[in-house]
Every structure is written in C-alpha cells, then in structure tokens.
Amino acid sequence: MSAESLAKSASTAYDAMLDVIAAVEPRVAQATRQELTDQRSSLKLIASENYASPAVLLTMGTWFSDKYAEGTVGHRFYAGCQNVDTVEALAAEHARELFGAPYAYAQPHSGIDANLVAFWSILAHRVETPTLERLGAKNVNELSEADWEQLRHEFGNQRLLGMSLDSGGHLTHGFRPNISGKMFHQQQYGTDPETGLLDYDVVAAKAREFRPLVLVAGYSAYPRRVNFAKMREIADEVGATLMVDMAHFAGLVAGKVFTGDEDPVPFAHITTTTTHKSLRGPRGGLVLAQEEFAADVDRGCPMVLGGPLSHVMAAKAVALAEARQPSFQAYAQDIADNAKALAEGFLTRDAKLVTGGTDNHIVLLDVTSFGLTGRQAESALLDAGVVTNRNSVPHDPNGAWYTSGVRLGTPALTTRGFGRDEFDKVAELIVDVLANTTPNNTSAGAPSKATYTLADGVADRVKAQSAELLDKHPLYPGLVLS
Ligand code: DSN
C-alpha cells in the first residue's frame, strides 16, 4: 500500500472513530481533535516524546483492552487468552530479535513499572531464591514466622548505586524520595564537576566502597553516551547485578547508532526501557533479560504489575516490527546528527550547554547565562509555541522544581523530517526567546524564580518562523480530518 493510500485509510478510520466518540461525549472528541491541531502546530522538543505511527496508534483502540490476562504467555490466570498470547509473544519475539536479547517481557505499563519489575526480579533471584534453597522451602508460604522475618529483613536491606537525578539519572535510580530510594539503601554517583561527564574511576571507587547488590546505569537527562562494558566490569568486580535503564536511548540502540560498548543489552543482566520515547512506539514499558533472570521477570504480573494492557502489547508488537525495518536505522542516525546540529546552533550563539555538547539525542541547555531559571525559560518558550521541559543541571542552585536548565531532544521533530538546517533554526528561535525574557521581581524586590516578562512581539515572531518550518514538515502528512 502506498503512503498516500495509507494516509487516506487512516483519515477514514479517525473520522469514523471521532464520530463514534462524539455520539457519547462530544467534548472528548473535540479535545482529541484539538490535541492533533496543537501537536501539529508546535515545536515539540521534549526529549522523551515522539509521534507514533497511525498503525501503532490505531492498534491501541481495540477490544484487546477488554481482556484480563494476568500471568504470562501460555500460563494465564484467566481463560480465553489465546489472542493475547499471540500478540504478547509477537511483541517479545520482535524485541528479542531487534535488541539481540535472550528474553523479553512486554507487559510493563510504563518505565517505572519496568524498573520495579527489574528490582523485584533481582531481589527474587539473588536474595529470595538462595534463602529458600538454604532453608529447604519451595516458596515463602512454607517458611516459619522466624524464617519469614529473616527473609523480609534481607529483602528490605539491600543496596543500590545509581546516577543522581541532578547529574541526569532518573528518579527510579535510587533518588531518595522515590520508592527506589526507600526500598534500597541507596548511594548515588554523579558526574565530574568540571566537565559534567561520567567518570568511571569514581563510579568504580564508590562501588568498591559501597558494594551494592544493584548497579544502575542509564539516564534521562545526560547528553552523552555511556560505556556499558565498563559499567559491567565495575558490577562484576563488586558482585553487583548490572541493570541498565535505556528508556531514553532505546531507539538509538534499536537503530544501531549505539553499538559495541555503547549497546547495553549484551552487558546488562537486565535492561529496561519505555517503548514511547526514541523507540517511537505506544506508551509502555519493556524488560530485556539474560536467561538467569528470565523466570523471575516473567512473574512480574501479578507479583509487581496489574493485568497487562493487551491492546498496548499489540501496539508494541507493531512498533517493534517498524523498528526492525532498515528505515528505522536511518531515522536513529538522523536523531543523533540532528542533536549535534542543535547543540552547534546553540554554541555558535554563545549559549551554555551541560558537557559542552551532545552525542545522543539530548541537549541540556544551562539557562543561567540568560539570567533565568529553568521554569521561567520553559514557560517563556511555551508562550512562543516551543514545547520543552525544565531540568536540573549538575549541582543545580535552583533545585529540582525551578531548576537551571531546559532539556531538549530531537526524536519527535526528526520524525517530522526536520534536518540539520531546521535544527539550527530551532536553536536560533530558542535563543531569540530566552534573550528577550527577563525575570520579574517578587513583592520583596528580589528576582522571582517563576515569573518573567517576554518582550512584546517575540512570541508572534517566533511562532511565525516556527510555522514555516512546521508547514514544510507536516505531522502525519495526508491525514485529514473532516
Ligand atoms: N518522563 C520521563 C522523561 O521525561 O524523561 C522520565 O520519567
């Protein structure tokens, strides 16, 4: 089927779908239409967002949503799961083939859920199983109260070492307010204060001293690649399990931009990801594992997760099939090339970047040189139709709420077909907004961290120039709603 006829079919499908919805709750149909208009008319630079294909989106809107399927393929707690088995097995097969993983689990509903499954599996495999074997019990129900208390104590007293939030790690990597920072004794590694880069010797020294059960690698706001061979060496030296959260860069792994030591899958005992960021699938999670962890990961539902979202697993299968096409490799390379162009666009305009650049899909702009907090910068950019999110920079003086940075990513606009020239223009537009934004004063006369004034005319000027870029690269070309 040609791209043109596919777009025509999608238009018919969405028109019909919106009619059916409008017959029950027209305001939802209207908001759904408006969301498409808004996404089409703004510069989406949120590093964790993308645009899934109509095939992926349509797959989510079916009766698979109505089916309960707790358990795993061929081993469910409900009858009638034969078709769920088909789509879950397909999603897992595509994931194994795409990433070269021995085992894949397609059920997690999100990245946080995928990480919880991974933590639970590591604890089950490395703490619970040996304890049960030692005590000659088949499962926890056979333990005496005293042995159960001992197991609970050991389960709840393990150690995790992960990257700190302000260095680019994720909340679930042991950030103390998050569940991961409470279910484990946690310590964090950061980045070099001068360069902003990971220092593997520092990570190794911390690991030797702390001796964690789990070493977490991966990031959500670090604009550089990671050497996972080195992380595995560190884990092996201290007897830790290496868990890599590749949610942000899974598309770059799938698209063979990150290969060799930069591909986490062969090195990690367990790799987790979301499916909706650079991987461009439906909103959801995925766990990949080496064989030794497979049986424990497989019990993720119902031990950690509620019933799987079968309609989303079906959409994961479609998205992963898309990611196995050669065109996805070209897309992934464009993501990385475009991020470099965006970074160069900022550097030539004297803006400050954390680590001085990028070699993945993220650019982390330090907005203190504009005299702004991240929150002011994010809001002023939104006024001009540029959608970003504020983010901490290492050792951030403004904390995790106001922040001093704005995180930008290239996956979404690359899907629309933006290239290096367009990303250079995007840098120009962002600098235009930020250079024309000034912080307001609080009632006490100090500079506010939240409010600001964007000079007259700037938002309209930037919106007009963005519109030229966006019109050249339409979102879902050929998809027309009546
Ligand atoms: N929401 C993800 C991100 O934006 O990176 C993290 O959970």
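Atoms within each ligand, like the ligands themselves, are counted from 1 in listed order.
- Evaluation of the ring-ring contact (aromatic ring centres under 6.0 Å, His included) rule for Tyr452 yields no partner, not counting sequence neighbours.
- Using a 4.0 Å cut-off between a side-chain N of Lys or Arg and a carboxylate O of Asp or Glu, Asp424 and Arg349 qualify as a salt bridge.
- Glu378 pairs by the salt bridge (charged side-chain N to carboxylate O under 4.0 Å, His left out) definition with Arg390, not counting sequence neighbours.
- Listed by chain and residue number, the protein contacts of ligand 1 are Ser48, His170, Ser220, His248, Lys277, Arg407 (heavy atom within 4.0 angstrom).
- Contact check on Glu422 versus Arg416 returns no salt bridge, with no Lys/Arg side-chain nitrogen under 4.0 Å from an Asp/Glu carboxylate oxygen.
- Salt bridge status for Lys316 with Glu88: absent, with no side-chain N to carboxylate O gap under 4.0 Å.
- Among residues two or more places apart in sequence or in another chain, the side chain to side chain donor-acceptor pair (under 3.5 Å) test is passed with Arg33 by none.
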